[in-house]
Structure formats: structure tokens, C-alpha cells
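The structure appears right after this line, and notes come after that.
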Amino acid sequence: MTSVHEDRPPVRPTHQDKVAAAGSELIGGPVGRWARQGTDRLTPVRVVALVAIGMFALGMVQKIPCYEWAWFRGTSSQYTHACYSDIPHLYLGRGFADGLVPYFDRLTGDMQFLEYPVLTGLFMQVAAWLTMPFDGSVQEREQAYWMVNAGMLMVCAAITAVCVAGTHRRRPWDALLVALAPALALTATINWDLLAVALTAAAMLMWSRGRPLAFGILIGLATAAKLYPVLLLGPLLVLCWRAGKYREYGAALLGAAGAWLLVNLPVMIFAPEGWKKFYTFSQERSVDFGSFWLIITQRTGKQLDVEAVNAYATLLMVVLCAGIAALTLTAPRRPRFAQLAFLVVAAFILTNKVYSPQYVLWLIPLAALARPRWRDFLIWQACEVMYYLGIWMYLAYTTSGDKQRGLPPEGYQLAIALHLLATLYLCAVVVRDILKPERDLVRRDGSDDPSGGVLDGAEDTFVLGKAAHPPRHAQHHSEGPQVQWGITRADG
């Protein structure tokens with residue numbers, strides 16, 4: 001599917017966004033009117049990929065104190081240096097150092113089987129195989145395992161940024177929001193979330209190119225690595241309902257189910273007890289870090305019942321999803337897919353009983369597509385960085401014994417509230433863009449839904465309330481973009 005804007009030059013954020021223009025002064029200022037862009041050596045996609053790799057490398061440098069000693073000498077040091085990672089600890093704790101096969105071999109200790117989805121388990125196992133040639137002490141093998149995983153996750157980070165750059169064809173530079181995101185650099189190697197993030201970003205790219213089956217396959221694979229990507233099928237259903245694109249949605253759903261089953265079925269059949277551990281662990285896990293449930297627990301001094309929290313969290317999620325569906329069907333213009341994808345994943349994180357610091361990775365590429373405004377993005381990222389520091393300082397406090405060095409519970413609760421409110425703020429501005437599409441930066445050039453694939457420019461067939469009128473589509477003229485809601489804006 002080709003875009004109506006494909007023959008026009010890329011949008012320059014420095015000509016639309018004051019914060020982007022101010023930041024560009026560090027490298028010489030905004031691009032000039034007659035500057036040559038898109039040369040063979042310095043395309044936007046290549047620049048974005050290089051920046052993403054560079055920022056990822058800086059994140060690895062930030063982990064050096066832990067890599068050299070803090071992971072292996074006591075508990076508190078890795079928190080005071082804010083460089084904790086699950087990767088080296090689970091190399092031993094989940095049997096990879098001993099050659100155990102995930103899901104099939106029973107583990108010693110509290111966790112009987114690997115508690116990760118199958119594709120993530122495979123990713124961890126491949127890294128263990130690549131670590132096998134490294135001889136040495138246990139510490140040296142843990143270091144090698146982290147380094148191998150970091151290399152693989154760096155590829156995932158670059159893929160994520162490149163896919164975001166290609167999703168909105170005329171806005172490749174928006175992917176710099178992903179590449180330069182400080183929370184990505186800090187949290188990228190805490191866990192293995194970037195695998196699912198990269199697959200989800202690739203799925204969004206495929207949908208934007210009008211390839212629903214490929215989108216579904218990638219979403220199925222992403223869901224086999226982490227649960228959250230399956231949520232994107234919900235808002236997509238409502239969008240396709242409004243636009244009457246049932247066949248395309250069916251292809252996406254079929255691809256997702258088939259890919260997920262292809263990955264999971266062998267383990268489901270031959271190691272059912274190990275396979276279901278991820279799902280039972282998710283249900284049995286108590287209230288944990290980063291969630292508003294933890295604030296309630298700490299403020300009341302009472303441990304909340306896990307089953308009750310599961311029920312309430314599910315109810316809240318259902319209510320929010322119903323609200324997103326109502327918003328989709330009543331909005332004056334059909335919302336963009338990226339906007340709803342961001343909202344539904346944010347709703348899941350906000351209502352969940354756990355909000356681990358690396359979960360911000362799920363939102364970063366979706367936020368860059370949903371609300372590519374540097375001011376709002378950086379406000380959100382600043383709060384996430386403060387939370388990143390807050391959780392490690394709180395853990396330093398709880399593990400320092402009588403010394404009580406770090407952030408006390410009251411301070412940590414403030415950090416939780418800050419990053420929850422920042423996520424809610426970003427949700428609020430996205431909802432405002434949906435209700436007032438003239439505020440949406442992506443649509444100011446006359447675009448409809450550049451990441452919408454078959455939805456881009458499609459007429460509505462089912463709407464509710466005030467939206468029940470002939471579709472108000474963007475109008476394109478040779479002399480420049482003009483949209484019906486009255487905003488006329490050149491790219492500069």
C-alpha cells in the first residue's frame with residue numbers, strides 16, 4: 001500500500017517542534033531549507049540506527065561497576081551503583097550455567113521451572129550456548145553471559161528504532177525519540193524485554209505497509225516472548241470495525257494465533273508443567289515494585305490478598321479498555337492505530353500489580369509514534385529516569401541493614417507516584433489529540449493514519465454518537481496540505 005505523501009520530503013521535527021529545534025543547536029542547528037537529505041551514506045534510518053547503538057553502548061558503560069564487581073560482592077552495591085540486571089543472576093539461578101534445558105529440567109530452589117514465555121526462554125538458551133566457549137570461573141562466565149545477551153539485545157534495540165523510523169514514512173526522524181530515550185539506555189539490559197519490543201515494532205511496521213498477515217505473525221511471536229503485545233489486537237479490532245476492514249483483521253488474528261501456537265505447542269505438549277509456569281507465576285505473584293498497589297500496601301501496612309488484587313486489576317483493565325473502545329467509536333476522526341496501541345499498553349501497565357523499571361521499554365516506541373512531541377516525551381522520560389534511580393536507592397535502603405543508606409519507603413512511594421503520573425500525563429495528551437485531531441502533530445500535514453496500513457484514508461462504516469456523520473478525511477491539494485478541521489501547516 002502506497003502513501004499519498006510518499007513523493008513529498010520527510011517532515012523535519014526541528015521545523016515543527018521548538019524543543020527539537022533547541023536541541024539541534026548542539027549539532028549545528030536545524031536543517032536548512034536547501035540542505036540535501038537522504039544521501040546514500042547518511043539516511044535518516046542509518047542515523048537513527050547508529051544513535052540507538054551509541055545510546056545502548058552508553059547504557060552498557062553505566063553497568064561497568066556491576067560488571068566488574070558489584071553483581072558478585074554482596075547485594076547492596078549493585079543498587080547503590082544503580083546497575084542491577086537479572087541476566088547474570090539468572091544465568092546461575094535458572095540452570096543455564098549447569099546446562100539444564102528450560103521448561104524440561106526441574107530447577108532447585110523456590111522456582112521449579114523457568115518463569116518466562118517460551119520465545120524469551122529460547123533467547124536466553126541461545127545466549128547460554130554462545131557463552132559455552134568461554135572458560136573460566138563462575139564470575140567470568142556470568143560476565144560473558146551478560147555480554148552476549150547485551151550484544152543480542154543491542155540488535156533488538158537497533159531493530160526497534162529502525163522499525164519506528166519506517167512506520168511513519170514521512171516522519172523517520174521521530175525515531176530519534178526512541179534512539180535517544182535515556183530510559184532505554186538505562187533499562188535495556190535489566191531483563192529480556194527488548195526482544196518482544198523489537199518484534200512488536202516490526203509488527204507495527206508491517207501493518208503500516210498494508211501487510212496484516214505479517215503483522216499478525218510478528219505479534220504472535222512477540223506474545224510468545226512477552227504477554228503484552230497481544231493487547232494490540234484489541235484496539236485494532238475496534239478500528240477495523242469502524243472502518244469495515246474485517247478481512248484484514250481476520251488475517252492478522254490468524255497469523256498471530258498460528259505463530260504463537262507454532263512456538264508454544266511443542267513445549268506445551270512435551271513439557272506442560274514447565275510451559276505453564278509463566279502463567280501460574282504471573283497469577284500467584286504478589287504486589288511488587290512500581291505499582292500503585294504497592295503504595296496502598298505500604299501506606300496501610302497490610303499485605304493485599306493476591307487473588308483480590310488480580311480481580312481488581314483485571315476489572316480496572318476491562319473498564320479502561322471499554323473506555324478506549326468507546327473513544328475509538330465516538331471520536332470525531334478515527335484515531336490512529338499507534339495512539340490506541342499506546343493507550344492500551346499503558347492501561348495494562350498502570351493497572352498491573354507490578355510495574356518493573358524495564359516495562360518503560362514497552363511504551364517508548366509506541367509513545368514515539370503516538371505523540372512525537374519532544375517536550376512531552378522528555379517530561380515523561382525525566383520522570384522515568386527519576387524512578388529508575390528511586391527503585392535502586394530504595395532497594396539499597398532495604399538491604400543496608402542498620403545503616404539505612406538510600407531512599408526510605410516514603411521517598412520510594414513518591415518516586416512511584418511520579419512515574420505513574422507521568423505515564424498518565426502522556427495518556428492524557430494522546431487522548432486530547434484523539435478528541436481534537438487538529439492538535440495531532442502527525443495529522444497536521446494532511447495525513448490520516450500513516451501507521452494505519454489499510455486503515456489509512458479508509459472511510460468509516462460504523463460510528464457512534466456525534467461521530468455519526470460522513471467521514472471527514474484530509475484533503476490534499478497540489479499547493480500544499482490542508483485538512484478539513486482548519487489547520488494548514490507547511491513542513492518548513
Side-chain angles (χ1 to χ4, degrees), residues 75-76 78-79 84-87 89-90 92-95 102-103 106-117 120-121 187 190-193 196 226-228 230-231 273-320 345-363 384 387-388 390-401 406-421 423:
T75 303
S76 186
Q78 60 189 330
Y79 302 139
Y84 173 84
S85 172
D86 288 325
I87 295 172
H89 300 303
L90 296 188
L92 288 178
R94 298 300 179 264
Y103 313 109
R106 188 178 294 271
L107 304 172
T108 59
D110 296 335
M111 195 66 65
Q112 295 179 331
F113 294 96
L114 183 67
E115 74 279 22
Y116 287 85
T120 296
T187 65
I190 291 179
N191 204 280
W192 292 270
D193 294 63
K226 208 77 180 177
L227 186 60
Y228 86 90
V230 74
L231 296 172
E273 192 175 358
W275 173 82
K276 69 180 182 181
K277 184 60 184 176
F278 164 70
Y279 302 96
T280 57
F281 175 73
S282 298
Q283 287 294 313
E284 296 167 357
R285 187 175 185 178
S286 60
V287 170
D288 213 334
F289 300 115
S291 68
F292 77 91
W293 300 104
L294 184 64
I295 296 179
I296 295 173
T297 299
Q298 292 186 346
R299 298 301 295 180
T300 61
K302 298 179 181 179
Q303 187 65 40
L304 300 178
D305 180 71
V306 174
E307 292 186 2
V309 172
N310 288 338
Y312 285 125
T314 302
L315 179 61
L316 283 172
M317 182 62 182
V318 169
V319 170
L320 289 176
V345 175
F348 177 70
I349 292 177
L350 290 168
T351 58
N352 200 12
K353 58 187 175 183
V354 184
Y355 193 162
S356 298
Q358 72 270 15
Y359 287 4
V360 68
L361 296 171
W362 306 358
L363 292 175
E384 289 295 339
Y387 175 73
Y388 176 86
I391 186 173
W392 306 131
M393 293 304 102
Y394 170 69
L395 288 171
Y397 179 88
T398 61
T399 57
S400 62
L407 191 66
E410 294 78 10
Y412 179 54
Q413 292 161 19
L414 182 61
I416 293 175
L418 187 65
H419 90 130
L420 293 177
L421 289 172
T423 304

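Heavy-atom basis, side chains included; hydrogens, waters and symmetry copies ignored.
- Contact of the I416 side chain with the Q298 side chain is not registered, since no non-hydrogen atoms from C-beta on lie closer than 4.5 Å.
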- prompt: Step by step, would you call F348 with L316 a side-chain contact (heavy atoms from CB on, under 4.5 Å)?
  reply: CA-CA 9 Å; F348 177 70; L316 283 172; over 6 Å; no

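- Ring pair W362/Y228: centre-to-centre distance below 6.0 Å.
- Aromatic ring orientation, Y359 versus Y355: parallel (interplanar angle below 30°, classes split at 30° and 60°).
- Atom OH in Y394 sits 10.5 Å away from atom OG1 in T399 (nearest 0.5 Å).
- Pairing each heavy atom of L114 with each of P102, the nearest pair is CD2-CB, 3.8 Å.
- In plain terms, the two heavy atoms of L107 and F113 that are nearest each other are CD1-C, 3.8 Å.
- Across all non-hydrogen atoms, the minimal contact from N191 to I87 is O-CD1, 4.3 Å.
- Looking only at side-chain heavy atoms (C-beta outward), Y84 and L395 stay at 4.5 Å or farther from each other.
- Annotation: the span from I295 atom CD1 to R299 atom CZ amounts to 9.0 Å, rounded to 0.5 Å.
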message: Test side-chain contact (heavy atoms from CB on, under 4.5 Å) on M111 and L90; report intermediate values, then the result.
response: CA-CA 11 Å; M111 195 66 65; L90 296 188; over 6 Å; no

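- The NZ atom of K302 sits 12.5 Å away from atom CD1 of I296, with the distance rounded to the nearest 0.5 Å.
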Chi angles and distances behind the side-chain contact (heavy atoms from CB on, under 4.5 Å) call for S286, V306: CA-CA 6 Å; S286 60; V306 174; 4.1 Å; yes

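- Closest heavy-atom contact between M393 and Y79: CE-O, 3.0 Å.
- The shortest non-hydrogen separation linking Y388 to I190 is CE1-CD1, 3.9 Å.
- Using modelled atom types, one finds no donor on one side chain facing an acceptor on the other under 3.5 Å when comparing N310 with Y312.
- You'll find the side chain of L363 reaches within 4.5 Å of the side chain of T423, heavy atoms only.
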field: Verdict with supporting geometry, N352 and W293, side-chain contact (heavy atoms from CB on, under 4.5 Å)
entry: CA-CA 8 Å; N352 200 12; W293 300 104; over 6 Å; no

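- You'll find the side chain of P357 reaches within 4.5 Å of the side chain of Y387, heavy atoms only.
- Taken from OG in S282 to NZ in K276, the straight-line distance is 14.0 Å, to the nearest 0.5 Å.
- When only modelled atom types and interatomic distance are considered, Y116 and Y103 share no side-chain donor-acceptor pair under 3.5 Å.
- Between E273 and R106 there is a salt bridge, since a side-chain N of the basic residue sits under 4.0 Å from a carboxylate O of the acidic one.
- The line from CD of Q413 to CG of L418 is 13.5 Å long, rounded to the nearest 0.5 Å.
- Taking 4.0 Å as the cut-off between side-chain N and carboxylate O, K353 and D288 do not count as a salt-bridged pair.
- Here the closest heavy-atom approach between residue Y397 and residue P409 is recorded as CE2-CD, 3.8 Å.
- Looking at heavy atoms from C-beta onward, Y412 lies in side-chain contact with I391 at the 4.5 angstrom threshold.
- The number of heavy atoms from other shown groups lying within 6.0 Å of CD (E410) is above 12.
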task: Under the salt bridge (Lys or Arg N to Asp or Glu O under 4.0 Å) rule, what do E115 and R285 come out as? Steps first, then yes or no, please.
output: CA-CA 11 Å; E115 74 279 22; R285 187 175 185 178; over 6 Å; no

